2 protein chains.
Amino acid sequence: MLRKTEQREAIRRVFQENHDPLSVQDVLDKAQQDVPRLGIATVYRTLKALVDEGWLKVVELPGDTSRYERTGKGHHHHFSCNKCERVFDLEGCLPGIDTLLPPGFLLQSHEFFLYGVCADCAA
Amino acid sequence: MLRKTEQREAIRRVFQENHDPLSVQDVLDKAQQDVPRLGIATVYRTLKALVDEGWLKVVELPGDTSRYERTGKGHHHHFSCNKCERVFDLEGCLPGIDTLLPPGFLLQSHEFFLYGVCADCAA
DNA sequence: GTCGTTGCAAAGCGTTTGCAGCCTA
DNA sequence: TAGGCTGCAAACGCTTTGCAACGAC
């Protein structure tokens with residue numbers, strides 16, 4: 001990320017305007033509103049660079065393509081809407097995760113996903 | 001699944017002898033010990049048929065290819081070893097999942113993954 | 001013998017990479 | 001002007017599909 005280009009500015013702006021995790025296609029669609037000739041390879045390369053730089057974080061959902069979100073939101077998990085396919089941040093966590101661990105196993109991290117219908121779709 | 005073939009018998013046997021979730025490649029490798037000419041397309045087709053039949057269940061892990069396990073094990077979650085890449089079943093669950101839900105959201109299901117080092121690798 | 005099943009190769013799909021031209025610094 | 005960045009197209013890895021040969025019933 002040595003140079004400032006309109007493609008990169010547009011991609012950064014997408015994340016400043018959208019706080020929940022976005023797919024590569026989401027980012028391409030939104031950034032192309034600013035830079036119509038933007039190619040998907042540039043989106044992949046820029047997302048990778050922003051992750052390496054620590055500005056973005058990869059969110060991997062089971063059975064779905066990777067999504068990306070801003071870093072610095074603190075420990076949180078995600079909710080995936082079965083209707084509109086959008087992914088939302090959830091605050092908080094659950095205690096007692098280590099009680100599920102079999103003897104001799106070492107816990108290093110965990111992931112947690114809720115599925116259902118979001119408030120917009122339920123209304 | 002109308003006919004009984006040696007390919008299908010070999011794939012079923014793999015799951016009777018291995019109780020944790022297996023990847024397509026795991027199944028191919030193990031089943032080829034019985035049926036060396038077994039092709040990967042047959043593994044994909046057979047796994048799909050066994051899932052449709054309700055004999056297997058798909059286990060999707062974040063950022064990994066799908067795995068398959070026998071149905072009928074009851075509600076449980078999974079542990080993925082960061083060293084040997086094996087996936088293990090975990091018994092039990094955590095209470096209070098619905099407390100993480102924002103107002104207006106409907107909960108339909110959840111997934112939970114622990115990561116770390118398994119007992120074999122820690123020893 | 002019928003027709004469900006198999007293995008191979010080709011096609012799909014999301015992601016990555018090679019490269020010539022472009023554009024920031 | 002140098003060399004990092006971009007878009008295009010080709011390459012990749014995993015999964016699915018078309019098809020002719022095979023084999024269960």
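Because the structure is a prediction, the values reported are computed rather than measured. We name chains A, B, ... by the order of the sequence lines, and we start the count at 1 in each one. Reckoned from all heavy atoms, side chains included, excluding hydrogens, waters and symmetry mates.
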For residues 45-60 of chain B, dump all side-chain donor-acceptor pairs below 3.5 Å to protein atoms at least two apart in sequence or in another chain.
| residue | atom | partner | partner atom | Å |
| --- | --- | --- | --- | --- |
| Thr46(B) | OG1 | Thr42(B) | O | 2.7 |
| Glu53(B) | OE2 | Arg12(B) | NH2 | 2.9 |
| Glu60(B) | OE1 | Ser66(B) | OG | 3.1 |

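When rounded to the nearest whole Å, the span between CD of Gln32(A) and P of dT6(D) equals 14 Å. Atom CG of Leu28(A) is separated from atom C1' of dG7(D) by 12 Å (rounded to the nearest Å). Here dG4(D) presents its P atom at 7 Å from CZ of Arg3(A), a figure rounded to the nearest Å.
By the neighbour-count criterion of 12 heavy atoms within 6.0 Å, atom NZ of Lys83(B) is sparsely surrounded, having that number or fewer from other residues, nucleotides or ligands.
When the side-chain nitrogen and oxygen atoms of Gln25(B) are compared with OP1 and OP2 of dG13(D), none of them lie within a distance under 4.0 Å. Between Thr5(B) and the phosphate of dG23(D), there is no side-chain N or O to OP1/OP2 separation shorter than 4.0 Å.
The six-membered or imidazole ring of His75(A) lies near that of His110(A), with a centre-to-centre distance under 6.0 Å. Aromatic ring centres of Phe88(B) and Phe105(A) lie closer together than 6.0 Å. A ring-centre distance under 6.0 Å is not found for Phe15(B) and Tyr68(B).
Although no hydrogens or angles enter the test, the distance criterion places no donor-acceptor pair under 3.5 Å between the side chain of Lys30(A) and the main chain of Gln25(A).
Smallest separation of non-hydrogen atoms from Cys81(A) and Val117(A): SG-CA, 4.0 Å. Nearest heavy-atom pair, Leu100(B) versus Gly92(A), reported as atom, atom and distance to 0.1 Å: CD2-C, 3.8 Å.
Residue-to-nucleotide proximity on DNA chain D shows that, of Ser66(B) and Glu6(A), the 5′-proximal contact is made by Glu6(A).
In 5' to 3' order, the nucleotides of DNA chain C bounding all contacts with chain B (an atom under 4.0 Å from a heavy atom) are dC3(C) to dC8(C).
Of the residues in residues 33-58 of chain A, those placing a heavy atom less than 4.0 Å from an atom of DNA chain C are Ala41(A), Tyr44(A), Arg45(A), in numerical order.
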